[in-house]
Structures are given as C-alpha cells and as structure tokens.
Amino acid sequence: MVTSWILNSLSKEIADSVEYANDAVELWRELEDHYEQTNGARLYQIQKEINDLSQGTLDITTYYTQLKKLWEELSTFSAKTQCSCQCTCRAKENMHKAEQDRRLIQFLMGLNEVYTEVRGNILMMNPLPSMAQAFSLLIQDEKQREMKPTNHLSAGSVSLHVNTSGNANNFGNNNFVTNYAPNANFPNTNRTIPFCDYCKRLGHTKDKYFKLHGYPQGHS
C-alpha cells in the first residue's frame, strides 16, 4: 500500500524506473540516490536567489513576501545547528539580533531608488529597527506615493483642462467667436479674458452664459 502511494505521487517517467522495487524502503532509497539534492547545492541556490532578488516592478508587500520565503527556507537547513540551551550571557539573543539586522540590510538594499530617503532614515536609527517596524514605515511611504498623483494636480494640467474642455463643451470655436466677440471684453494685446463666476470657465461672463439666460435665435 505504501509503495502504491509513492508510485502514484511520481510522474510517469520516474515511476516507470522504480515500479519493480521489492518494497517501499527500497523504492524510497532509489529515489533518494537518484534525486536527492545535497544541502550544499540547495544552500547555494537559495542564497543566490536572495542575492539576485530586488524590488523591480513589485510592490513592497510582494517583494518582502518573496524574500521572507527564501529566508525561512534557508533557516530550515540550519535548524539542527541552532542551540536550545538556556543561555545566561545573552549570546544567543545577540546572535539573533545580528541575523535580523543582516536581513534588514539585505531587504533595504533591494528596494527601488524612490525609497532612498526613507531607507536612509531607517539606517540612521540606533539600534536598527525590527523588520516589522521597517516594513511598516515603507508601507506608509508607498501609500503616500500612491495618493500624491490624485490629490495634487499641477497648475499646467488644470490650465489645460480649462482651455480645452471649457471651449469645446460649452460654445465651440465658431460660437465662441460669433456669439461672444462682439460684446465680450476679449483680449487684443493686453486685455483680460472674461471669466464666468457660475460655470468657472473662461471666455464669457455670468450675464452672457447661454445656459442661464437662453440661447440666441439661430443658435444650433
């Protein structure tokens, strides 16, 4: 029954090569001999992935999650070498803090350049903050960056919106000249462009706003 479980969990190509094993123990040993990866090779692979990982197009949360997953996998290889004794000299505590600081530096090194300022603030803290505290600071900075483009419009974009949407949506280029030019105070050289207090757009005043007072005869 155990042999069947193992065979059913293998791909067909691998299962065909070990299906004639006498028992589950022999089957498992064959699989270990053929496919088990040595700790050294896997340690090298994980460490290389950690060193090559950077934020790039990822958000802070996704980047941190991927890095944390590699750290935890790396920790499983050294779990047997960790001391479980009751320490009174705080050596174990200091070693743990040093490892957390190393991971924090590694995490900060992979951030994009837009986080240079907040990264510098974190590195200036003494002692260095925990990973959770640094992550919280970076998330706050990321949220502020997402809000800035919608909350702060440049003067140029506002001016462009007024000049294009105002003229096009309400009176058009032809009607602008025909209906307003004779009576409006339009700029020739140094004259001021009229401004409507009602619709908040340029080109006419409130007392000449068609939607309030009606359109002239012949207006399309």
Side-chain angles (χ1 to χ4, degrees), residues 5-6 8-11 13-15 17-18 27-154 157:
W5 287 346
I6 297 175
N8 289 332
S9 68
L10 301 174
S11 64
E13 294 76 10
I14 298 177
S17 67
V18 294
L27 170 60
W28 189 255
R29 284 176 179 170
E30 284 193 33
L31 292 173
E32 280 187 329
D33 292 340
H34 293 164
Y35 302 106
E36 182 184 30
Q37 195 173 29
T38 62
N39 285 353
R42 184 56 186 152
L43 282 170
Y44 174 84
Q45 184 179 1
I46 296 174
Q47 192 62 59
K48 189 175 187 307
E49 290 180 17
I50 292 175
N51 293 338
D52 293 342
L53 183 62
S54 59
Q55 182 183 356
T57 58
L58 304 175
D59 56 32
I60 293 291
T61 302
T62 305
Y63 166 58
Y64 173 72
T65 301
Q66 291 187 8
L67 198 55
K68 188 172 185 293
K69 181 180 178 181
L70 292 171
W71 284 335
E72 291 177 351
E73 187 175 358
L74 190 63
S75 297
T76 59
F77 286 96
S78 58
K80 294 181 180 179
T81 62
Q82 294 177 359
C83 176
S84 58
C85 303
Q86 295 296 329
C87 183
T88 58
C89 65
R90 301 186 62 185
K92 190 194 313 186
E93 180 182 343
N94 293 335
M95 290 177 62
H96 178 73
K97 175 62 172 148
E99 175 63 17
Q100 294 304 309
D101 289 348
R102 185 187 66 81
R103 292 186 177 185
L104 174 62
I105 298 297
Q106 207 165 37
F107 172 65
L108 296 175
M109 287 174 61
L111 292 173
N112 292 337
E113 292 304 316
V114 294
Y115 298 102
T116 299
E117 183 177 351
V118 64
R119 177 171 54 195
N121 293 336
I122 293 173
L123 292 173
M124 290 180 65
M125 296 181 183
N126 188 21
L128 288 174
S130 66
M131 183 65 70
Q133 293 171 330
F135 178 77
S136 176
L137 291 173
L138 287 164
I139 286 293
Q140 293 178 29
D141 188 77
E142 183 181 55
K143 295 301 181 185
Q144 290 177 359
R145 292 179 185 280
E146 292 176 354
M147 294 170 60
K148 281 182 180 179
T150 56
N151 290 344
H152 301 282
L153 295 177
S154 65
S157 63

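Within the 4.5 Å cutoff, the side chain of L138 has heavy atoms near those of the I122 side chain. Side-chain contact check for R119 versus T116: some heavy-atom pair is nearer than 4.5 Å. Taking 4.5 Å as the limit, some side-chain heavy atom of I6 sits within range of a side-chain heavy atom of L31. Under the 4.5 Å side-chain criterion, counting only non-hydrogen atoms from C-beta, Q106 is in contact with N51. Side-chain contact check for L137 versus Q133: every heavy-atom pair is 4.5 Å or farther apart. In this structure the side chain of Q66 never reaches within 4.5 angstrom of the side chain of E49, judged on heavy atoms. Residues M131 and W71 have side chains in contact (heavy-atom distance under 4.5 Å, counting atoms from C-beta outward).
Contact check on R103 versus E99 returns a salt bridge, with a Lys/Arg side-chain nitrogen under 4.0 Å from an Asp/Glu carboxylate oxygen. Here K97 pairs with D101 in a salt bridge; the nearest charged N to carboxylate O distance falls below 4.0 Å.
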Checking salt bridge (Lys or Arg N to Asp or Glu O under 4.0 Å) for the pair D141/R145: CA distance, chi angles, key distance, verdict? CA-CA 6 Å; D141 188 77; R145 292 179 185 280; 2.8 Å; yes
Show your working on side chain to side chain contact (heavy atoms under 4.5 Å, CB included) between Y63 and L53 and close with a plain yes or no. CA-CA 8 Å; Y63 166 58; L53 183 62; 4.0 Å; yes
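Ring orientation note: the planes of F107 and Y64 are nearly perpendicular, at an angle over 60° on the 30°/60° scale.
In this structure, E30 contributes its side chain and V18 its backbone to no donor-acceptor pair below 3.5 Å. Put simply, the side chain of S136 never gets that close to the backbone of A132: no donor and acceptor are under 3.5 Å apart. A donor-acceptor pair under 3.5 Å is formed between the side chain of Q55 and the backbone N or O of N112.
Heavy-atom minimum distance, T65 versus T61: OG1-O, 2.7 Å. The minimum heavy-atom distance between I105 and L128, with the atom names listed, is CD1-CD1, 4.3 Å.
The line from NZ of K48 to CG of L43 is 15.0 Å long, rounded to the nearest 0.5 Å. The structure places CD1 of I139 at 12.0 Å from CD of Q144, a figure rounded to the nearest 0.5 Å.
More than 12 heavy atoms of other residues, nucleotides or ligands sit less than 6.0 Å from atom CE of M125.
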